[in-house]
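Worksheet: the structure to be examined is printed underneath.
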Amino acid sequence: MTTLKAQSVLVTGANKGIGLELVKQLINSSVPPTQTLATFWQSSSTQELETLANDHSSVRMIELDVTDSASIQRAVERVEAVLGSTGLNLLINNAGINSHATLENITAEDMMAVYQTNVVGPLLVSQAFLPLLKKAAQALDMEEMSCKKAAIVNITSLLGSITLSQKNFRRAAMYPYRLSKAALNMASTCLSEDLKQYQILSVAIHPGWVQTDMGGKEALVSVSDSVSNLMKLFANLSQCDTGKFLDLEGGELPW
Ligand SMILES: NC(=O)c1ccc[n+]([C@@H]2O[C@H](COP(=O)([O-])OP(=O)(O)OC[C@H]3O[C@@H](n4cnc5c(N)ncnc54)[C@H](OP(=O)(O)O)[C@@H]3O)[C@@H](O)[C@H]2O)c1
């Protein structure tokens with residue numbers, strides 16, 4: 001099996017769910033990153049992540065609220081201090097919120113809150129960490145695009161697929177969440193076009209319907225299965241994947 005081999009990985013929303021499991025599987029992989037930057041925000045319960053950070057010196061906890069520009073900037077400064085001149089290889093925009101609002105009860109506040117966290121957040125985080133991603137890409141100048149070199153992975157959802165909404169809308173209307181993930185998909189594609197010139201890859205990946213606080217107990221995929229598939233996928237992403245919307249097996253999803 002191919003392994004990721006990225007020297008540094010930053011995961012947003014790493015105190016629970018998919019983000020926390022990503023940190024666990026990164027540090028237990030056969031070639032673990034030298035630095036795993038695990039971010040949490042003010043409201044987080046961080047006990048499990050703190051235990052991991054205490055037991056593994058490669059795990060650094062960094063405060064980062066994706067809805068707060070000042071918090072993003074402080075996180076960049078802390079990460080820069082940790083990584084020095086090496087740059088950041090892989091940024092995983094994982095933090096997200098959902099909302100079950102329907103047409104009957106949707107509000108502007110609800111729409112804006114979800115949009116702020118799921119779209120504006122990942123875009124501004126990507127913008128802020130771009131200098132560090134560029135550094136990493138330059139350091140591995142001769143290599144093809146990959147997550148080992150420099151990449152942005154946006155954790156999106158199947159519910160953001162406009163094409164598939166004709167099939168799955170009745171099961172989960174979720175207007176704010178669907179609209180936000182469709183916009184995140186567009187952001188991911190725009191980033192891929194913009195960042196090709198720097199050899200930085202950008203993809204949008206649906207992690208499956210996962211048993212987390214967000215996905216619920218009835219979800220189809222365990223968090224450990226979802227993340228072990230994500231890890232394999234990250235390891236295999238290459239030049240030809242940039243700009244795509246992928247499922248857990250690396251298959252292309254319709255926009
Ligand atoms: N679970 C699924 O079935 C599923 C399916 C498709 C896509 N996804 C996507 O996968 C990603 C992870 O979801 P999950 O299932 O692991 O959900 P989760 O268990 O609810 O975790 C979400 C994470 O995002 C963090 N977060 C929320 N708002 C934040 C903010 N303003 N700044 C920084 N971090 C913030 C949360 O921190 P707190 O705990 O402190 O709030 C938590 O760490 C999300 O983007 C989600 O949309 C999930």
Side-chain angles (χ1 to χ4, degrees), residues 10-25 37-50 52 61-76 78-79 91-100 110 112-126 128-129 152-161 164-165 168 171-172 174-185 187-188 203-227 229-230 233-234 245-248 253:
L10 186 143
V11 184
T12 64
N15 63 298
K16 69 175 189 185
I18 294 170
L20 180 65
E21 183 66 21
L22 276 166
V23 174
K24 288 182 188 170
Q25 294 200 22
L37 297 315
T39 84
F40 64 98
W41 70 312
Q42 265 177 337
S43 83
S44 300
S45 115
T46 54
Q47 214 176 339
E48 227 186 316
L49 184 58
E50 275 171 40
L52 278 180
M61 287 178 66
I62 311 268
E63 191 169 333
L64 195 172
D65 174 356
V66 302
T67 67
D68 177 352
S69 301
S71 167
I72 297 174
Q73 206 40 55
R74 281 194 300 274
V76 171
R78 278 216 56 204
V79 170
L91 166 64
I92 304 176
N93 282 317
N94 165 74
I97 55 173
N98 69 352
S99 153
H100 288 272
D110 201 10
M112 296 312 284
V114 177
Y115 201 82
Q116 187 78 34
T117 305
N118 294 1
V119 188
V120 183
L123 188 59
L124 293 189
V125 168
S126 302
F129 282 98
I152 299 171
V153 168
N154 297 298
I155 303 295
T156 182
S157 170
L158 198 76
L159 299 182
S161 164
L164 295 178
S165 66
N168 61 26
R171 272 183 281 137
M174 295 169 74
Y175 274 72
Y177 188 71
R178 282 179 181 275
L179 271 67
S180 73
K181 292 298 190 183
L184 176 64
N185 287 351
S188 187
V203 283
I205 300 179
H206 167 62
W209 182 20
V210 191
Q211 292 152 6
T212 61
D213 284 353
M214 188 188 289
K217 288 190 175 68
E218 69 284 11
L220 299 177
V221 188
S222 72
V223 71
S224 83
D225 283 352
S226 167
V227 170
N229 276 297
L230 285 174
L233 186 52
F234 297 165
F245 176 21
L246 301 172
D247 66 18
L248 263 188
L253 288 166

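Whatever order the structure lists them in is the order used to number ligands and atoms, beginning at 1.
Within the 4.0 Å heavy-atom shell around ligand 1 one finds K181. In this structure, T156 has a heavy atom closer than 4.0 Å to ligand 1.
Numbered from 1 in the order shown, with element, the atoms of ligand 1 that lie under 4.0 Å from a heavy atom of T117 read 28 (N). Those atoms of ligand 1 that come under 4.0 Å of a heavy atom in L64, given as number and element, are 32 (N), 33 (C). Set against the non-hydrogen atoms of S157, the atoms of ligand 1 under 4.0 Å away are 6 (C), 7 (C). Atoms of ligand 1 found under 4.0 Å from any heavy atom of I155 (numbered from 1 in listed order, with element): 9 (C), 10 (O), 11 (C), 45 (O). When each atom of ligand 1 is checked for a heavy atom of G13 under 4.0 Å away, the hits are 23 (C), 24 (O), 25 (C), 43 (O). Close approach of ligand 1 to T67 is summarised as follows: ligand atoms under 4.0 Å from at least one heavy atom of the residue are 31 (N). Ligand-side atoms of ligand 1 in range of G215: 1 (N), 2 (C), 3 (O), range being under 4.0 angstrom from any heavy atom.
An N or O contact shorter than 3.5 Å links N15 to ligand 1 by distance. Backbone and side-chain nitrogen or oxygen atoms of P207 are examined, and none is located within less than 3.5 angstrom of a nitrogen or oxygen of ligand 1.
Counting only N and O atoms by type, the side chains of N98 and R178 include no donor and acceptor under 3.5 Å apart. Side-chain N/O atoms of S99 and D110 include a donor and acceptor closer than 3.5 Å.
For the pair E63 (side chain) and W41 (backbone), a donor-acceptor distance under 3.5 Å is absent. Between the side chain of N229 and the backbone N or O of D225 there is at least one donor-acceptor pair closer than 3.5 Å. In this structure, the side chain of H100 does not engage the main chain of M174 through any donor-acceptor pair within 3.5 Å. The main-chain N or O of D65 is found under 3.5 Å from a side-chain atom of S71 such that the two form a donor-acceptor pair. Between the side chain of W209 and the main chain of G215, a donor-acceptor pair closer than 3.5 Å is present. No side-chain donor-acceptor contact under 3.5 Å links T12 to the backbone of N93.
Of the listed residues (I97, V66, T212), the one carrying the non-hydrogen atom nearest atom 32 (N) of ligand 1 is V66. Within the set A14, G96, G208, the minimum heavy-atom distance to atom 24 (O) of ligand 1 is found for G96. Considering only non-hydrogen atoms, atom 35 (C) of ligand 1 lies nearest to W41 out of Y177, W41, W209.
If you check which protein heavy atom lies closest to atom 3 (O) of ligand 1, you get V210 N, 2.7 Å. Counting protein heavy atoms only, atom 40 (O) of ligand 1 is closest to S44 OG, 2.8 Å. Shortest contact from atom 17 (O) of ligand 1 to any protein heavy atom: M214 CB, 3.4 Å. Counting only heavy atoms of the protein, atom 16 (O) of ligand 1 lies nearest to I18 N, 2.8 Å. Nearest protein heavy-atom neighbour of atom 19 (O) of ligand 1: K16 CE, 3.5 Å. In this structure, the protein non-hydrogen atom closest to atom 11 (C) of ligand 1 is N94 O, 3.0 Å. Counting only heavy atoms of the protein, atom 31 (N) of ligand 1 lies nearest to D65 OD1, 3.0 Å.
L52 is listed as a side-chain neighbour of K24, based on a closest heavy-atom distance under 4.5 Å. For the pair E48/L20, a side-chain contact is recorded, criterion being any heavy-atom separation below 4.5 Å from C-beta on.
In this structure, OG on S161 lies 11.5 Å from CG on D247, to the nearest 0.5 angstrom. Between T39 atom OG1 and I72 atom CD1 the span is 10.0 Å, to the nearest 0.5 Å.
Annotation: Q42, atom CD; neighbour count of heavy atoms from other residues, nucleotides and ligands within 6.0 Å does not exceed 12.
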